[in-house]
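Hydrogens, waters and symmetry mates play no part in the numbers below; they use all other heavy atoms, side chains included.
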Amino acid sequence: MAVDDECKLKFLELKSKRNYRFIIFKIEEQQVIVEKVGSPDESYEDFTNSLPSNECRYAVFDFDFITDENCQKSKIFFIAWAPDTSKVRAKMVYASSKDRFKRELEGIQVELQATDPSEMSLDIVKARAL
């Protein structure tokens with residue numbers, strides 16, 4: 001599985017310059033490509049609404065939060081989205097390519113796998129961030 005250079009470039013921009021709130025990636029013709037980027041002022045809800053309800057995707061989300069000690073922090077989440085309603089073949093392709101793709105994106109701090117929106121609710125993301 002090839003990874004388009006734009007994937008790495010956009011991720012570096014999210015990580016170092018914070019140009020984006022999220023990036024959604026899809027596999028197309030044996031290659032991982034950028035499908036959509038979210039501007040820094042977009043919310044977690046904007047992000048989850050951008051994921052297709054019946055197709056697999058990879059995504060990266062830059063999550064800002066405040067710790068119990070009242071410190072502003074941010075963590076980069078990698079989310080493997082594989083809804084139950086997606087095709088079995090697609091789920092297999094995304095599952096088998098995930099680790100290789102994730103290695104291309106240096107700086108991911110938390111990984112989530114979700115088959116249903118409830119598995120990646122804002123509460124779960126907050127709990128995993130702390």
Side-chain angles (χ1 to χ4, degrees):
M1 183 69 55
V3 176
D4 187 55
D5 285 341
E6 188 188 12
C7 296
K8 292 179 251 185
L9 292 170
K10 293 276 189 236
F11 178 74
L12 282 172
E13 288 177 31
L14 176 142
K15 184 173 82 169
S16 56
K17 297 181 189 157
R18 309 207 57 195
N19 288 2
Y20 311 110
R21 175 63 53 200
F22 63 84
I23 308 169
I24 297 175
F25 306 95
K26 71 186 271 190
I27 295 176
E28 200 169 87
E29 296 172 15
Q30 299 299 304
Q31 177 166 270
V32 182
I33 61 166
V34 172
E35 181 179 54
K36 179 178 181 173
V37 293
S39 65
D41 57 342
E42 290 196 61
S43 69
Y44 189 72
E45 191 178 337
D46 296 327
F47 162 66
T48 56
N49 289 338
S50 299
L51 291 169
S53 61
N54 58 358
E55 288 180 39
C56 299
R57 291 293 184 271
Y58 300 129
V60 173
F61 187 83
D62 187 5
F63 181 65
D64 292 327
F65 62 99
I66 294 171
T67 65
D68 294 338
E69 296 83 42
N70 218 16
C71 294
Q72 178 75 37
K73 289 215 167 167
S74 129
K75 285 212 172 150
I76 297 174
F77 277 73
F78 178 86
I79 298 166
W81 172 243
D84 290 330
T85 52
S86 58
K87 294 186 171 105
V88 173
R89 173 144 173 67
K91 285 192 244 191
M92 286 170 41
V93 169
Y94 275 81
S96 63
S97 309
K98 182 185 66 154
D99 288 336
R100 186 192 174 304
F101 177 58
K102 216 173 84 181
R103 277 197 301 274
E104 300 278 344
L105 309 178
E106 266 181 57
I108 288 169
Q109 293 154 305
V110 185
E111 180 183 335
L112 265 183
Q113 294 192 6
T115 58
D116 176 87
S118 67
E119 294 177 348
M120 53 184 264
S121 69
L122 192 54
D123 290 340
I124 289 172
V125 170
K126 281 180 185 167
R128 293 287 303 273
L130 295 171

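Rounded to the nearest 0.5 Å, atoms CD1 (Ile27) and CZ (Arg57) are 9.5 Å apart. How far CD1 of Ile23 is from CD of Glu35: 12.5 Å, rounded to the nearest 0.5 Å. Once rounded to the nearest 0.5 Å, the distance linking CZ of Phe11 with CD1 of Ile76 reads 4.5 Å.
Listed here is the closest heavy atom pair of Leu51 and Ala59: CD2-CB, 4.5 Å. Of all the heavy atoms in Val60 and Phe78, the pair that sits closest is CG2-CD1, 4.2 Å. Of all non-hydrogen atoms in Leu130 and Ile66, the two that sit nearest each other are CD2-O, 4.3 Å. In this structure, Ser43 and Phe61 approach most closely via the heavy-atom pair O-CE1, 4.2 Å. Of all non-hydrogen atoms in Phe101 and Cys7, the two that sit nearest each other are CE1-CB, 4.2 Å. For the residue pair Ile33 and Glu28, the shortest heavy atom distance occurs at CD1-OE1, 3.6 Å.
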Q: Take Lys102 and Tyr58 through the side-chain contact (heavy atoms from CB on, under 4.5 Å) test and state the conclusion after the steps.
A: CA-CA 9 Å; Lys102 216 173 84 181; Tyr58 300 129; over 6 Å; no
Q: Please lay out, stage by stage, how Asp4 and Val34 fare under the test side-chain contact (heavy atoms from CB on, under 4.5 Å).
A: CA-CA 8 Å; Asp4 187 55; Val34 172; 5.7 Å; no
Q. Would Phe47 and Met120 count as a side-chain contact (heavy atoms from CB on, under 4.5 Å) if you check the C-alpha gap in whole Å, the side-chain angles of each, and the deciding distance to 0.1 Å?
A. CA-CA 11 Å; Phe47 162 66; Met120 53 184 264; 3.9 Å; yes
Q) What do the steps show when you test Gln72 against Asp64 for side-chain contact (heavy atoms from CB on, under 4.5 Å), and what is the final call? A) CA-CA 7 Å; Gln72 178 75 37; Asp64 292 327; 3.6 Å; yes
Q: Assess whether side-chain hydrogen bond (donor to acceptor under 3.5 Å, both in side chains) is satisfied between Asp41 and Ser39, documenting all intermediate values.
A: CA-CA 6 Å; Asp41 57 342; Ser39 65; 2.5 Å; yes
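Listed by chain and residue number, nothing satisfies the side chain to side chain donor-acceptor pair (under 3.5 Å) test with Ser16 (two or more places apart in sequence, or in another chain).
Note: the hydrophobic cluster containing Val93 does not contain Val88 (ILVMFWY, side chain heavy atoms under 4.5 Å, direct or indirect links). When the side chains of ILVMFWY residues are joined at heavy-atom separations under 4.5 Å, either directly or via intervening members, Tyr20 and Val32 end up in a single hydrophobic cluster. Under the 4.5 Å side-chain heavy-atom criterion for Ile, Leu, Val, Met, Phe, Trp and Tyr, Val37 and Val3 are members of the same hydrophobic cluster. One hydrophobic cluster holds both Leu112 and Ile24 under the rule that ILVMFWY side chains link at heavy-atom gaps under 4.5 Å. Cluster annotation: Phe25 is not connected to Leu9 through the hydrophobic network of ILVMFWY side chains, with a link wherever side-chain heavy atoms come within less than 4.5 Å.
Ser118 and Asp116 form a side-chain donor-acceptor contact under 3.5 Å, judged by distance and modelled atom types alone.
No option in Glu106, Glu13, Glu104 other than Glu104 meets the salt bridge (charged side-chain N to carboxylate O under 4.0 Å, His left out) test with Lys8. Each of Phe63, Tyr44, Phe65 was scored for a side chain to side chain contact (heavy atoms under 4.5 Å, CB included) with Lys126, with one residue passing: Phe63. A side chain to side chain donor-acceptor pair (under 3.5 Å) with Ser50 holds for exactly one of Glu42, Lys36, Glu45; it is Lys36. When each of Arg18, Lys15, Lys75 is checked for a salt bridge (charged side-chain N to carboxylate O under 4.0 Å, His left out) with Asp62, only Arg18 meets the rule.
The residues Glu111 and Lys98 are annotated as salt-bridged, a charged nitrogen and a carboxylate oxygen being separated by less than 4.0 angstrom.
Side chains of Met1 and Gln31 form no contact here, defined as non-hydrogen atoms less than 4.5 Å apart.
Sorted pairs that involve residues 83-97 and meet side chain to side chain donor-acceptor pair (under 3.5 Å), not counting sequence neighbours, are lacking altogether.
The backbone N or O of Pro52 sits less than 3.5 Å from a side-chain atom of Trp81, completing a donor-acceptor pair.
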